[in-house]
Amino acid sequence: MGNLFGWSLAHTTLLILGVTTATFNPIVVSAQTTDPSVTPAPSATPSSSPTATSNFSDVSSDYWATPFIQALAARNVISGFPDGSFKPNQAVTRAEFATMIQKAFNQNPVRQISSGGFTDVPANYWAAAAIQEAYETGFMTGYPGNVFQPNLQIPKVQAIAALSSGLNLNSSGTASDILNTYYTDASAIPDYAVNNVAAATQANIVVNYPDVKQLNPQVPLTRAEASSLLYQALVRQGQAQALASNVTAANYIVAGNTGNTPTGNDIVSIAASNNSFSTLTTLLRTAGLADTLQQPGPYTVFAPTDQAFAALPAGTVQQLQQPENRELLLKILRYHVVPGSLTASQLQAGELRTSEDESVNIKVDSANNQIAVNNARVIQPNVQASNGVIHVINEVLIPPNLNVSQQPGDNQTTPGGTGTTNIEAGRATRGGSSYIGVAGNIGLGGDSALSEGNIAVISKVGLTNYISVRPSAVFGDDTVVLVPVTFDFLPRSVNPTGEQRFPVSPFVGAGVAIETSNDADVGLLLTGGVDVPLGDRFTLNGTVNAAFLDQTDVGLLFGVGYNF
């Protein structure tokens with residue numbers, strides 16, 4: 001039993017250290033850089049030769065998936081058959097879906113397949129390269145026994161999970177609540193896919209026909225459904241244009257309709273109907289600019305998402321809504337508006353004059369099919385409106401003509417500050433909520449309580465957006481009190497097991513360790529670890545502590561905290 005306990009502790013330690021290491025080597029995922037140039041392998045037999053065309057004999061103009069099929073056929077992501085048909089209702093195998101993924105995306109590898117690959121995928125198998133790429137880029141996995149089952153029909157839920165995993169999507173909120181909101185058959189979604197389906201749903205990737213509320217997760221994926229999922233994934237990546245709201249197929253995109261029926265198709269109405277622009281819509285109305293952007297125009301609007309506004313210093317949005325700051329708000333919003341309608345293909349590198357009479361700098365990376373505005377990246381181009389076009393960006397643009405006293409967030413800090421140094425004990429940091437909890441300590445060397453297996457109390461008290469103090473106490477014969485100050489990093493997604501990704505928030509820091517025995521000692525403390533959110537109420541914590549007392553004491557804390 002002693003050996004088994006020691007083996008478990010050792011492997012637990014290695015797992016936590018592995019997660020910590022993985023967070024400082026974030027997974028890099030790049031978007032599609034060029035249109036795919038080859039068609040996927042045939043869906044009948046490997047010997048047939050599909051033809052690439054956007055006019056298929058069995059896909060009528062009023063067929064529900066026609067916009068998806070035609071768009072992907074034009075990009076050579078999918079193809080038809082020699083007889084001119086597409087067979088939209090034919091089931092897709094795992095090998096075929098891997099091939100479609102290979103043609104649609106050009107991701108960087110996040111893992112390496114074992115030597116020899118899958119035992120049921122020979123080197124000369126028609127889809128061997130696509131299967132290897134789909135695995136190594138994080139989209140698809142195998143089955144126990146190192147098999148891939150390439151000829152197995154892929155269930156719809158598995159395809160959704162694959163896209164969510166490969167695109168590194170994360171949901172905001174509780175996964176079960178999201179699924180129960182959008183699907184009447186949410187209980188049929190297998191446990192392994194719950195988080196991935198929730199994330200894909202919020203990303204507008206899931207398409208359900210004929211009932212938008214019915215997922216049918218275990219039903220084999222059809223070629224038409226595969227086309228719709230892949231197209232929406234490309235929209236999410238900013239590599240394809242979102243369907244106009246008046247296109248019938250858009251009615252089957254889950255979460256595509258926020259429930260707020262717009263009064264029209266103008267820029268403001270479209271923004272108001274999308275829950276990604278609730279902050280922008282509110283600010284436009286506060287500044288009195290909404291009426292202007294509902295006029296004929298036309299206008300080009302670089303629209304920051306809610307996440308972009310949330311990244312501003314704490315309290316900035318609330319400040320901008322104050323009556324005394326209306327002129328400042330107008331300056332910022334007008335800096336996001338350009339007279340005239342300019343699609344992504346019409347944007348050229350160089351200076352572009354805005355309605356604020358100040359220029360933004362447009363950068364066009366043709367090789368990677370990316371556009372930047374100042375330091376903001378266009379994450380979804382060409383959202384068409386009746387009076388112009390919207391390009392979604394991931395940062396708020398700040399006009400260069402604002403002096404220091406006008407910068408949003410300044411009145412929360414010391415003079416000349418930016419809002420990020422405002423100290424507020426107990427606040428959430430960019431790494432997550434403050435918390436208090438209990439933990440178990442695994443001793444890794446030394447002679448204090450930190451070096452033995454003991455119970456501990458842990459906490460995190462946020463001070464600024466970046467900085468926390470994390471007092472803890474490890475109880476034992478020589479109880480040790482740890483008081484580190486840590487720098488909290490932004491959350492990121494990792495997959496230390498090579499299977500499922502989850503968000504973690506790393507931190508590193510230093511402080512003091514106080515040994516409270518008769519021969520009390522105080523020494524330097526170095527600490528580092530990760531916080532893993534467990535819903536809205538709890539946070540899982542793994543921390544490595546090294547205290548330089550009479551000896552160097554090293555311990556691994558593994559616990560859970562209650563958020564406050």
Side chains of [X] and [Y]: donor-acceptor distance under 3.5 Å anywhere?
X    : Y    : result
D58  : Y63  : no
S172 : N170 : no
T99  : E96  : no
T539 : N563 : yes
S269 : D266 : yes

Check your understanding: Would F538 and Y562 satisfy ring-ring contact (aromatic ring centres under 6.0 Å, His included), going step by step from the backbone distance to the final call?
Key -> CA-CA 5 Å; F538 297 95; Y562 181 80; 5.5 Å; yes
Are the side chain of [X] and the backbone of [Y] linked by a donor-acceptor contact shorter than 3.5 Å?
X    : Y    : result
E225 : T222 : yes
N387 : L293 : yes
S165 : A162 : no
Q346 : T343 : yes
S164 : N196 : yes
Q153 : T93  : no
Q232 : N204 : yes
T119 : N146 : yes
N382 : I390 : no
T281 : F277 : yes

Review point. Please walk me through it: do S176 and T174 pass side-chain hydrogen bond (donor to acceptor under 3.5 Å, both in side chains)?
Key: CA-CA 6 Å; S176 58; T174 305; 5.6 Å; no
Review point. Would Y182 and N208 satisfy side chain to side chain contact (heavy atoms under 4.5 Å, CB included), going step by step from the backbone distance to the final call?
Key: CA-CA 11 Å; Y182 289 105; N208 291 334; over 6 Å; no
Review point. Does Y252 have its ring centroid less than 6.0 Å away from the ring centroid of Y209?
Key: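 Yes, the ring of Y252 comes within the 6.0 Å limit of the ring of Y209, centre to centre.
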Point to revise | Atom pair CG (N216) and CG (D185), whose distance is rounded to the nearest 0.5 Å | key: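 Output value for this atom pair is 5.5 Å.
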Review point. Taking it one step at a time, do F105 and F139 satisfy ring-ring contact (aromatic ring centres under 6.0 Å, His included)?
Key: CA-CA 10 Å; F105 307 103; F139 282 95; 5.2 Å; yes
Practice item. Starting from the C-alpha separation in whole Å, work towards a yes-or-no answer on side-chain hydrogen bond (donor to acceptor under 3.5 Å, both in side chains) for T184 and Q214. Key: CA-CA 6 Å; T184 56; Q214 194 79 17; 2.8 Å; yes
Exercise for review: Give a yes/no verdict on a cation-pi contact between K213 and Y183, requiring under 6.0 Å between NZ or CZ and the six-membered ring centre and an angle within 45° of the axis.
Suggested key: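 Not satisfied by the 6.0 Å and 45° rule.
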Practice item. Begin from the C-alpha positions of H391 and T300 and carry the test side chain to side chain contact (heavy atoms under 4.5 Å, CB included) through to its verdict. Key: CA-CA 8 Å; H391 301 297; T300 298; 3.7 Å; yes
Check your understanding: Picking from F148, F118, Y143, what satisfies ring-ring contact (aromatic ring centres under 6.0 Å, His included) with Y135?
Key ->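 When F148, F118, Y143 are each tested with Y135, the ring-ring contact (aromatic ring centres under 6.0 Å, His included) holds only for F118.
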**Study point:** side chain to side chain donor-acceptor pair (under 3.5 Å) partners of residues 372-381, not counting sequence neighbours, each pair once
**Key:**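 Pairs touching residues 372-381 that pass the test: Y335-N374.
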